[in-house]
Amino acid sequence: MESNSNDNYVLVLEDRTEVKNEKEAGKLSVVSGIDDKGNLKTTEAAAANQAAFLKFNNKDGLLKNFMTNFLKQFNNPTHFGLYKVVADNVEQGVDNLRTMLHNREKLESKQQLAKMGVPFEDYLPQQKKATAIDESKIDWKQLDNLGLTRERLEQSGELEKMLNWQKSNLITIAVPIGDTTIYTEARLAFRTDDNGNIGLAIHPLRKEPQLDFPYMGYKFSPEEKEQLLTTGNLGKTIEVTPKNAEPFSAYVSIDPQTNEIIALRADRVNIPKEIKGVTLSDAQYKELVEGKAVKVEGMTAKSGKTFNATLQVNAERKGIEFIFDNNRGFKERQQQTQQQGVPHKLCGLELSDKQREALDSGRTLYLKNMVDKQGQPFNAYVRMDKEQNRPRFYKWNPDKKQETGKEKVVAVAEEHKTQVAVNNHGKTNEATKNVNEPLKSRQTQPTAAQKQKQDEKKQQRRGRKM
């Protein structure tokens, strides 16, 4: 069990280097210290060894120092596990821990092990990712003029993309015009001018693509307009002429977020002959180079699963696009993309405006009593994936610094209160008080099978009384 805030606890090490299958528990021993060379010392989990145990308390900083040395010693910490056990009852605590580890796939054991475990991720050194653009060369006043700050971009996850020459997702900006300010949405990107200086490129949201006007000297035909509006891609290369520059052959697409027309130089696109384990035929390769949509079957994902998709060069993505919902038009896929984002309800949990605003700004929240597809309640850290514009769930806090000094967010969906009370807090209602298994989503009455078990237990109790 997890220690109380005022209790001393010891760390129990699970060594899984010699286990033969995932269901086995590794060798368990209690941490007794660290020698002069930084090597970990352990001892048997017996009450007689109490004096040798290295004891911790939630109020001191000993654990942080210990973990720093621990991670230096072990090159592959995934072969080990560390768990907190109350120091005054080590033998019983380790026996309980061993039982949980043998049944680590069960929901109840998972929840208990999550509470007792010491996550290595919280103590690994935070390495700042290298970026293509040197931040010292950026004029941050340009962002200030649009009502933005560096901190806001960093929290939302957009700054890292921009520092790697990518566009941000749509961001609300404030554009001062005379004595008034106009608020609009735009995608931002850092670009260099002719002198090599880094400036800010603004790609504002448009109501619709401007296809009725010449684009870089090229006038779209009615058929080409229809093609762009239907698929988002022109489906061929055309010659365009930028202002004061030489003409070039380009792929053309519509940015689904802003409705801006985008051109991509054809000579800068590298189309491989093999994609996701499938070697393209000469006909497929030729059509893909020409800008046409090509159906490819039997590709292999990172997970090892095979999949089929339609491939096409997309100018906005600066490469090949994988289209999985080809039966729906570009407009329909675009509307779905724009409707995604921070939901009002997440796994049955109603989110407050404050929670939705925090997720939208890039913060990580700890949400309790969400409900999975099997109707079981679960807790998780949640953060928006800005690249895919949807929430992601984490067992451990993906950004430990962000949680420091902040309360975890707790909210329970109204329709799940009965279920959560029974499953998480041991409470009952009259109809389900003899149901010895977790309730499903919105369940306040026993199922037919659960009712039969209740009746059988009643008959057994009556038989014993007679």
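Here, residue 1 is the first one in the sequence, and each next residue gets the next number.
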Establish, from distance only, whether the side-chain atoms of [X] and [Y] form a donor-acceptor pair under 3.5 Å.
X	Y	answer
E160	N164	no
Q111	N379	no
Q312	N233	yes
K55	Q50	yes
E297	N308	no
S136	D134	yes

Has the side chain of [X] got a donor or acceptor atom that lies under 3.5 Å from a matching backbone atom of [Y]?
X	Y	result
R16	E14	no
T99	D95	yes
S32	K41	yes
N314	R317	yes
R363	A358	no

Which atom of [X] lies closest to which atom of [Y], heavy atoms considered:
X	Y	result
Q257	N169	NE2-OD1, 2.8 Å
K318	L264	CA-CD2, 3.7 Å
A315	S253	N-OG, 2.9 Å
Q355	E350	OE1-O, 4.0 Å
R104	A25	NH2-CA, 4.1 Å
G117	Y83	CA-CD2, 3.7 Å

- Task: Please test R187 against E316 for salt bridge (Lys or Arg N to Asp or Glu O under 4.0 Å), starting from the C-alpha separation and ending with a verdict.
- Result: CA-CA 12 Å; R187 299 183 72 181; E316 198 279 321; 2.8 Å; yes
To the nearest 0.5 Å, tell me how far [X] [atom1] sits from [Y] [atom2].
X	Y	atom1	atom2	answer
F393	Y381	CZ	OH	14.5 Å
L148	L159	CG	CG	11.0 Å
L351	L365	CG	CG	8.0 Å
Y9	K84	OH	NZ	4.0 Å
E135	M162	CD	CE	11.0 Å
E274	M299	CD	CE	12.0 Å

- Query: Could you walk me through whether D255 and K167 pass the salt bridge (Lys or Arg N to Asp or Glu O under 4.0 Å) check?
  - Reply: CA-CA 11 Å; D255 184 334; K167 288 185 197 174; 3.5 Å; yes
I want to check something: taking the side chain as every heavy atom from C-beta on, are [X] and [Y] in contact at a cut-off of under 4.5 Å?
X	Y	value
L311	F322	yes
E151	T149	yes
P209	L229	yes
I198	I133	yes
L280	L288	yes
T364	V382	no
F190	L200	yes
L163	I138	yes

- By ring-ring contact (aromatic ring centres under 6.0 Å, His included), which residues pair with F307, not counting sequence neighbours? F324
- Message: On the six-membered ring of Y394, is R383 placed so that its NZ or CZ lies under 6.0 angstrom from the centre and within 45° of the ring axis?
- Response: yes
- Do other residues, nucleotides or ligands put more than 12 heavy atoms under 6.0 Å from the NZ atom of K273? yes
- Message: Does atom CD (E185) have a neighbourhood of more than 12 heavy atoms from anything else shown, all under 6.0 Å?
- Response: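 Atom CD in E185 is crowded, with more than 12 foreign heavy atoms closer than 6.0 Å.
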- Qualifying residue, where the test is side-chain contact (heavy atoms from CB on, under 4.5 Å) with I202 and the options are I171, V175, L188: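 It is L188, the one option of I171, V175, L188 that forms the side-chain contact (heavy atoms from CB on, under 4.5 Å) with I202.
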- Do you know which of V31, T43, L11, N8 makes side-chain contact (heavy atoms from CB on, under 4.5 Å) with F53? T43
- Excluding sequence neighbours, so at least two apart, what forms side chain to side chain donor-acceptor pair (under 3.5 Å) with E260?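 For E260 the side chain to side chain donor-acceptor pair (under 3.5 Å) partners, ignoring immediate neighbours, are H203.
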- Note on the structure: Residues passing the salt bridge (Lys or Arg N to Asp or Glu O under 4.0 Å) test with K137, sequence neighbours excluded, are none
- Using a strict cut-off of less than 4.0 Å between a Lys/Arg side-chain nitrogen and an Asp/Glu carboxylate oxygen, indicate whether K141 and D144 qualify as a salt bridge. no
- Message: Salt bridge or not between R152 and E158? Use side-chain N to carboxylate O under 4.0 Å.
- Response: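 Here R152 does not pair with E158 in a salt bridge, since their nearest N and O are not under 4.0 Å apart.
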